[in-house]
Peer 1: 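Mind having a look at this structure? Questions to follow.
In this chain, numbering begins with 1 at the start of the sequence shown. On a predicted model such as this, the values are computed, not experimentally measured, just so you know.
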Amino acid sequence: MRAWAPIIAVMLAGSATGAVPSLADQQQRLASAKREAAAASARAAGLVRQAANERDAADKAAADEAALSANVTAAEAQLAAARARSAIVAQLLAARRAQLGEAQTPVARLLAALQSLARRPTVVAIAQPGSVDDLVHVRAVLGGALPVVRARTGVVRAEIEQTRRLQASAALAASALRDSRAQLESDRVALARLEAAHRQRSQALGRHAIGESDRALALGEQARDLVDQLSARDLAQATATDLAQLDGPLPRPVATAAAMARPSGAYRLPVGGRLVTGLDEVSAAGVRSRGLTFAVEPRAPVRAPAGGTVRYARQFRDFGMIVIIDHGDGWTSLLTGLGRLAVTPGQAVAAGAMLGRAGVGDDAAVTVELRRCGRPMDIVALL
């Protein structure tokens, strides 16, 4: 095993600069995946809201259709009532006509007699004995009977005229109801189509929202895979360091003497507290420490161990707020466990500058890791 250690170390060192993407590329891919996941989540939420609006519009269209159906039912009832009234009016008209016929019987007889007299020549009427007296008598009777007949039949004529007006009104009402019913049926069909369109659009938007939600989940998984790749890269570098310490032929050096120079300026501890974990210590979970962990007071100030430029300052998974400082020449410091930050990415800080404060709680702890080209270094040797 010791004979293979140098070869494995060389392979790991070569993979760090060869087929495996660089740290900057992986971080860029991670940031891109997070942005796309957030955008997909926002699109999914927007589609869900649009689907809800479409469902509301479909429900409103269904309510309008129900109202129109009630109007159609009411119109049919009114039409039936109009038909019943028309039948009653027809019966009344027939009865009135019968009564009018009885009342007009004497007049009809008089008219027949007058027509008979009118067809007789005047000379014959004069020559016939008693005909002149009869004629005068008939004219006197007609003169007295006709006003009475007109008076008695005047009410009947008025009722007949009113009945005709009622029939005309009933016909107009029936025509208007038929037109209204046709319009209501047309509106009902249009609303039914609108409701179907809204429901179809709501279902389509719901499917799109589910698709965008699934895409957001997939992008989140991709982001977690990138984070795991970054952790695996760091583990591979730590493994190379462990293998390099085994007995056997020395592997090819991974850095020159100039590269192993100390970071510019003095290096100091970023926080005051009790050391709970040292470099290379193995935890109960079997994880090897790559830095120093200090138990600190809640909200204890955390300061820059050396001057440099802040490259990363934000929440990272379950490590709390973290800060990465680039000291130059490949030297970087990683600080985790902060509860509040006082710096932003791209900010230049001097040694001892305030980076933020530790978290709250009885188990507040801050971890500092010093790395050279990605390899953990012993901080104690540089203090």
Peer 1: What distance do Arg314 atom CZ and Leu341 atom CG have between them, rounded to the nearest 0.5 Å?
Peer 2: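 Here the interatomic distance stands at 10.5 Å.
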
Peer 1: For Ala295 and Val276, work out which heavy atoms get closest and say how close.
Peer 2: CB-CG1, 3.8 Å

Peer 1: Are the side chains of Thr277 and Phe294 in touch, meaning some heavy atoms are under 4.5 Å apart?
Peer 2: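 Heavy-atom side-chain distance check fails, nothing below 4.5 Å.
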
Peer 1: Using every non-hydrogen atom in the two residues, find where Arg357 and Arg299 come nearest and quote the distance to one decimal.
Peer 2: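 Smallest interatomic distance, heavy atoms only, reads NH1-O, 3.0 Å.
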
Peer 1: State whether the number of non-hydrogen atoms from other residues, nucleotides or ligands found under 6.0 Å of Glu297 atom CD is greater than 12.
Peer 2: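 Counting other residues, nucleotides and ligands, CD of Glu297 stays at 12 neighbours or fewer.
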
Peer 1: Which distance, rounded to the nearest 0.5 Å, do you find between the CG of Leu279 and the OG of Ser289?
Peer 2: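 Going from the CG atom of Leu279 to the OG atom of Ser289 covers 6.5 Å.
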
Peer 1: Of all heavy-atom pairs between Leu338 and Leu355, which one has the smallest distance, and what is that distance?
Peer 2: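 Of all heavy-atom pairs spanning Leu338 and Leu355, the closest is CD2-O, 4.1 Å.
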
Peer 1: Has the side chain of Gln347 got a donor or acceptor atom that lies under 3.5 Å from a matching backbone atom of Thr344?
Peer 2: yes

Peer 1: Report the distance from atom CZ of Arg178 to atom OG of Ser175, rounding to the nearest 0.5 Å.
Peer 2: 5.0 Å

Peer 1: Could you state the interatomic distance from OG1 (Thr332) to CZ (Arg375), rounded to the nearest 0.5 Å?
Peer 2: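 Reported value, rounded in 0.5 Å steps: 13.0 Å.
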
Peer 1: Apply side-chain contact (heavy atoms from CB on, under 4.5 Å) to residues Leu370 and Trp331 and explain how you reach the verdict.
Peer 2: CA-CA 7 Å; Leu370 176 64; Trp331 290 92; 3.7 Å; yes

Peer 1: Looking at Arg340 and Met321, what are the two nearest heavy atoms and their distance?
Peer 2: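 Closest approach of Arg340 to Met321: N-CG, 4.5 Å.
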
Peer 1: Using modelled atom types only, decide if a donor and an acceptor are shared between the side chain of Glu281 and the backbone of Gly278 within a distance under 3.5 Å.
Peer 2: yes

Peer 1: Do Val302 and Met354 share a hydrophobic cluster, counting only Ile, Leu, Val, Met, Phe, Trp and Tyr and linking them when any side-chain heavy atoms are less than 4.5 Å apart?
Peer 2: no

Peer 1: Taking Gln28's backbone N and O only, do any of them form a donor-acceptor pair with Ser32's side chain (distance below 3.5 Å, no angle check)?
Peer 2: no

Peer 1: Return yes if some donor-acceptor pair links the side-chain N/O of Thr367 with the main-chain N/O of Thr336 below 3.5 Å, else return no.
Peer 2: no

Peer 1: Are Arg311 and Ile325 packed together at the side-chain level, in the sense that at least one heavy-atom pair is separated by less than 4.5 angstrom?
Peer 2: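 In short, these two side chains do not touch, never coming nearer than 4.5 Å.
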
Peer 1: Give, for atom CG of Leu335 and atom CD1 of Ile322, the distance between the pair rounded to the nearest 0.5 Å.
Peer 2: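 Rounded to the nearest 0.5 Å, the CG-CD1 separation comes out at 9.5 Å.
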
Peer 1: At what distance, to the nearest 0.5 angstrom, does OH of Tyr267 lie from OG of Ser333?
Peer 2: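 Spacing of OH (Tyr267) from OG (Ser333) equals 2.5 Å.
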
Peer 1: Do Val271 and Arg303 make a side-chain contact, defined as non-hydrogen atoms from C-beta onward lying under 4.5 Å apart?
Peer 2: no

Peer 1: Looking only at heavy atoms, what is the nearest atom pair of Ala358 and Val296, with distance?
Peer 2: CB-CG2, 3.7 Å

Peer 1: Charged N to carboxylate O below 4.0 Å: is that the case for Arg371 and Asp326?
Peer 2: no

Peer 1: Determine the minimum heavy-atom distance between Val349 and Ala304, stating which atoms define it.
Peer 2: CG2-CB, 4.2 Å

